[in-house]
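So that the names make sense, note that chain A is the first sequence line, chain B the second, and so on, each numbered from 1. Since we're looking at a predicted model, the values are computed, not measured.
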Amino acid sequence: MNGFGYAVDALAAWLAGGEPGWIALTIAVLAVWVVPILLLVFPIAALGQILERKIAAAIQRRVGPSSAGLDGPLRFGFRVLLFFLPRARQDRIFAAFCNLRPVRSLLLVSRRLGLGQFVADGIKMLGKEDIVPTGADGIVFRLAPYLALAGAFLPFCVVPFGQHLVMLETEVAALFAIAVSGIVVVALKMAGWGSGSKWSLLGGMRAVAQLVSYEVPIGLAVGGVVLWCGTMDLHAIVGQQYEPGVFSLLGWNVVQSPFLATLAAVFFIAGLAECQRSPFDMAEAESELVSGFNTEYSGLRWGLFAMAEYTEMLLIGALLATLFFGGYQSPIGEEWIVGLPVWLEVPIHGAILGVKVVTVFLVMMWIRWTLPRFRVDQVMRLSWLVLVPMCLVSMFGLAVTLLAAGGTHAGEAFGRVASRPRPDLHWLGHLAAWAVPVAIGACLVVMAKKKHGQVHPALQRLTGGRS
Amino acid sequence: MSAVANDAIATAVLAQFPAVQQKHADNGRAFLLVPKGDLVAVAHFLRTQKSLRFDALMDLTAYDLLKYPSTPPSDDIAVVYLLFSYQHRHKVTLKVLAPRAECEVATVSGEWPAALYFEREVFDLFGVRFPGHPSLRRIMTPDDWQGHPLRKDYLYPDSYHGVAHLRDGQHFEGSPPRGGDTP
Amino acid sequence: MTTDERPGNRADEQVHMAAVDEFLAWGKEHSLFYLLFATACCGIELMQAGGPRYDVDRLGMIPRATPRQADLMIVAGTITHKMAGRVRTLWEQMTEPRWVVSMGSCANSGGPFSKWSYSVLNGIDKYVPVDIYIPGCPPRPEALIDGVMALRERVKRYRTVGERDRTPYIVAGPEAPFGGHCKVPDFTAKKPDGGGGGSA
Ligand code: SF4
């Protein structure tokens with residue numbers, strides 16, 4: 001049990017004034033878990049849009065949004081706070097406030113950074129006409145964006161944000177995350193179907209075909225980690241990656257075995273496709289095919305779809321960090337954090353996870369604005385003919401590694417167990433886990449070179465040959 | 001395979017179809033005036049003959065001979081076919097005259113499917129009908145358009161669906177005569 | 001001066017929804033998504049306006065491919081009679097509040113095709129209500145941005161209730177080349193050697 005669980009119980013008991021009923025429990029869970037996490041994820045997802053536009057601008061050597069500062073919201077705030085004054089007076093006070101030196105420079109900086117852009121976009125969407133097309137299936141059409149958002153948010157329940165901050169600690173967390181994010185597929189299909197337009201329907205079909213086929217490599221990649229760790233509990237998986245000492249980086253799954261590194265790469269690529277980000281944005285190929293499943297959506301509902309997309313990017317980042325990159329653990333030793341009181345430990349761990357997530361987020365954007373789009377058949381081929389075989393081979397390799405090391409999971413084989421601290425490092429075992437597959441790969445390359453006279457230039461460079 | 005000389009192309013066709021006339025073209029390319037009735041046969045011959053093998057219809061267009069400095073003066077519509085052989089890398093130009101009154105030329109879309117759209121365009125703008133074309137509809141102008149705009153005797157409409165063609169009733173010196181609403 | 005006429009005392013300044021309305025208008029002003037749509041050569045300038053040099057993204061403008069999500073339709077290019085109905089359909093598919101900018105002589109008045117064409121519509125304002133006209137063939141991106149700034153002034157004054165300002169506004173004017181923005185050489189001036197100017 002962790003500290004926040006007690007907080008839920010205590011709050012529920014206080015609310016009910018005795019034995020808490022389900023209403024009190026629900027309210028307590030909402031107050032302690034849901035609202036804080038929504039407050040954590042929503043602004044990041046919203047800021048993600050402005051971040052994306054700024055990064056796109058930087059990559060294309062533009063300036064990016066730089067006219068919407070925070071002055072608009074600030075003026076609105078003044079109007080609301082000073083509602084008892086006449087308008088002209090409000091204006092005068094606002095102008096005087098804005099002319100204060102620090103305020104003025106802050107406002108200028110905010111405008112230069114376009115910080116108000118997402119506020120402007122958001123309230124514009126609020127003010128837009130809300131259209132449900134004549135041929136649309138009203139309920140399905142209206143429900144779809146909320147389902148997409150729910151599917152993107154729900155998996156955050158099982159992501160450990162810190163030693164004491166997991167909303168839902170369950171044995172099947174990894175399975176839960178994958179299963180629940182499957183709701184997004186249904187939502188996109190509903191959006192395409194409910195719009196009552198062939199264009200949206202085809203867009204929805206494209207999206208669903210892509211999402212469903214990329215669930216397979218994602219599931220297999222997670223399966224590989226589960227095989228390695230012997231547990232589906234994400235928090236236990238994070239615990240298994242604990243490594244005492246300053247080099248806690250070496251405990252992360254991604255450096256345990258080349259097979260796990262491969263799975264991390266597969267997970268990232270398939271995750272890109274799951275979020276329908278470029279180069280996999282077949283579902284929403286803006287310049288060629290009008291935006292696909294959300295063609296008929298206007299205003300806030302479309303905004304919800306966009307929000308779901310960014311949230312899903314965050315989710316992929318969080319899962320990637322949790323499964324392969326040590327979760328919330330710092331790369332430079334854990335002991336100095338573990339001993340801290342809860343109110344200090346949780347923010348620090350949360351911030352570390354946040355840094356990892358944002359890094360993945362940024363790489364996704366970098367890729368989006370750099371690479372052109374795949375053709376739809378290439379997207380499918382990549383999934384079924386490249387990623388899935390890679391996953392299967394890696395899983396097989398992991399299983400062989402574990403058996404060779406004498407155990408059915410890493411806990412047994414290498415003395416890594418979920419409960420921490422567990423200071424037992426068999427560095428020779430890790431070295432062997434890397435060295436053997438790399439040696440086999442090198443042998444394969446050399447054999448191929450002998451047999452065919454040439455190999456792929458990249459492999460040639462890798463093996464020291466001239467390219 | 002090497003390109004067949006321009007004259008050789010003409011000779012090969014003339015040997016098969018005596019009614020075809022060879023014409024002079026400034027670009028030095030083989031240029032054949034084909035009688036209306038022979039067109040499909042000539043096209044088939046050009047496409048299938050081993051030494052010619054014109055596998056691509058590069059362009060199919062038309063022009064109006066009315067008020068054209070031709071001898072003798074005529075008011076026919078000339079339909080022009082530009083053919084190219086990817087295999088032999090040579091070209092030929094065919095010309096067919098369609099009389100204004102009974103403006104019909106057999107379709108060559110059986111030989112080159114690329115002709116489908118070209119023929120629709122020529123039909124739309126010149127009013128040449130292509131019997132045998134599977135769906136000869138207008139392609140550029142709206143479906144309810146009247147007349148064929150690139151004919152030289154085309155009378156420019158004053159308005160389309162009540163929207164006047166000249167803004168605010170302005171008139172230009174030398175602008176074409178106009179009349180009627182389309183449709 | 002009666003009490004009603006004093007500044008800050010009019011009804012729309014006293015009702016507090018006006019503050020919300022003003023905030024909404026601020027959002028609209030800073031987030032004009034335009035429809036990804038161009039029919040002729042002016043479209044090239046429109047694309048250029050989104051490129052690194054002119055970058056309308058600075059003003060919060062990004063292209064949206066579907067009319068449902070667009071606020072602004074920039075009619076860039078020649079509109080034929082056949083196209084006009086489609087443009088009207090696109091405009092009808094856009095969600096309120098929506099604005100239309102007519103970019104270039106063709107969309108304004110038929111431009112170079114107004115005299116000898118049987119097929120070109122002489123001004124898109126026959127089909128959709130135009131807010132801003134930008135003269136030029138084509139207008140430079142500066143002129144387009146000038147038009148967008150004029151439009152932003154109008155959007156700022158937009159209120160959810162009440163009359164909407166629909167008076168057509170013409171950017172700069174025909175006598176100011178390139179939208180009156182940049183210094184251009186005087187092509188009509190005679191050079192000292194007697195030759196005509198502007199022969200680059
Ligand atoms: S105004 Fe000029 S540049 Fe613009 S579409 Fe017309 S002809 Fe082209």
Side-chain angles (χ1 to χ4, degrees), chain A residues 53-54 56-57 60-69 71-73 75-80 82-83 85-91 114 116-131 133 199-200 284-292 294-299 302-303 306, chain C residues 6-33 35-37 47 50-71 90 92-98 148-149 152 155-156 158-160:
Chain A
R53 278 166 79 171
K54 273 297 191 188
Q60 299 173 349
R61 307 207 60 172
R62 294 189 280 117
V63 180
S66 54
S67 79
D71 48 337
R75 176 190 294 264
F76 179 59
F78 265 76
R79 290 235 191 280
V80 172
L82 305 176
F83 68 95
L85 290 178
R87 211 172 143 87
R89 188 85 63 80
Q90 292 172 353
D91 276 342
Q117 190 62 51
F118 75 94
V119 185
D121 287 350
I123 61 172
K124 183 205 71 180
M125 284 170 194
L126 267 178
K128 278 296 257 187
E129 186 185 0
D130 186 23
I131 287 184
W199 201 266
S200 303
E284 197 183 332
E286 279 218 337
S287 40
E288 293 89 11
L289 310 154
V290 176
S291 17
N294 64 21
T295 301
E296 297 292 342
Y297 281 86
S298 68
W302 169 56
Chain C
R6 236 185 279 141
N9 255 10
R10 290 207 320 277
D12 65 329
E13 299 177 1
Q14 277 296 310
V15 179
H16 287 293
M17 280 314 282
V20 178
D21 231 2
E22 182 195 51
F23 188 39
L24 285 177
W26 174 84
K28 292 184 177 87
E29 182 197 343
H30 286 282
S31 150
L32 284 169
F33 293 178
L35 188 58
L36 193 62
F37 152 73
M47 296 167 207
R53 183 140 186 167
Y54 297 98
D55 191 14
V56 286
D57 192 15
R58 280 178 304 151
L59 311 175
M61 293 172 65
I62 49 173
R64 291 301 307 168
T66 149
R68 300 268 189 235
Q69 296 156 11
D71 312 290
L90 281 176
E92 279 164 0
Q93 284 173 339
M94 284 166 68
T95 46
E96 283 287 0
R98 55 195 160 182
V148 167
M149 295 314 283
R152 278 166 63 119
V155 176
K156 204 188 220 160
Y158 175 86
R159 292 294 177 264
T160 313

Gap separating the CH2 atom of A:W199 from the OG1 atom of C:T66, nearest 0.5 angstrom: 10.5 Å
Has the side chain of A:K128 got a donor or acceptor atom that lies under 3.5 Å from a matching backbone atom of C:T95? yes
Value for OG (A:S298) from CD (C:Q69), rounded to nearest 0.5 Å, stands at 7.5 Å
I'd like to know which of A:G64, A:G127, A:A68 tops the heavy-atom pair count under 4.5 Å against chain C. A:G64
Using a 4.5 Å cut-off on heavy atoms from C-beta on, say whether the side chain of C:R64 contacts that of A:W302. yes
With respect to chain A, which residue among C:R53, C:R68, C:M61, C:H30 yields the maximal number of heavy-atom pairs within a distance under 4.5 Å? C:R68
Below 4.5 Å from any heavy atom of chain C, which atoms of A:R89 appear? Answer side chain, backbone, both or neither. neither
Any pair with a residue in residues 24-33 of chain C that passes salt bridge (Lys or Arg N to Asp or Glu O under 4.0 Å), sequence neighbours left out, goes on the list, sorted by first then second residue, please. C:E29-C:R152
Heavy atoms only, distances under 4.5 angstrom: which of A:A57, A:G122, A:S66 has the most pairs with chain C? Name it, please. A:S66
Ranked by heavy-atom pairs below 4.5 Å to chain A, first place among C:S31, C:A70, C:G27 goes to C:S31
Kindly write out the residues that satisfy side chain to side chain donor-acceptor pair (under 3.5 Å) with C:R98, not counting sequence neighbours, or none if the list is empty. C:E96
Over 60° means perpendicular and under 30° means parallel, so tell me whether A:F76 and C:F23 are parallel, tilted or perpendicular. parallel
Please determine, among A:I123, A:D130, A:L126, A:I131, the option with the most heavy-atom pairs under 4.5 Å with chain C. A:I123
Value for CD (A:E129) from CG (C:D71), rounded to nearest 0.5 Å, stands at 11.5 Å
Identify which part of A:E296 has an atom lying under 4.5 Å from any heavy atom of chain C, answering side chain, backbone, both or neither. both
Option that, when pairs with chain C are counted at under 4.5 Å, heavy atom only, ranks first among A:P73, A:G116, A:G114: A:P73
With rounding to the nearest 0.5 Å, note down the distance linking CG in C:D55 to CZ in A:R61. 13.0 Å
Answer yes or no: is there a side-chain heavy-atom contact under 4.5 Å between A:R75 and C:W26? no
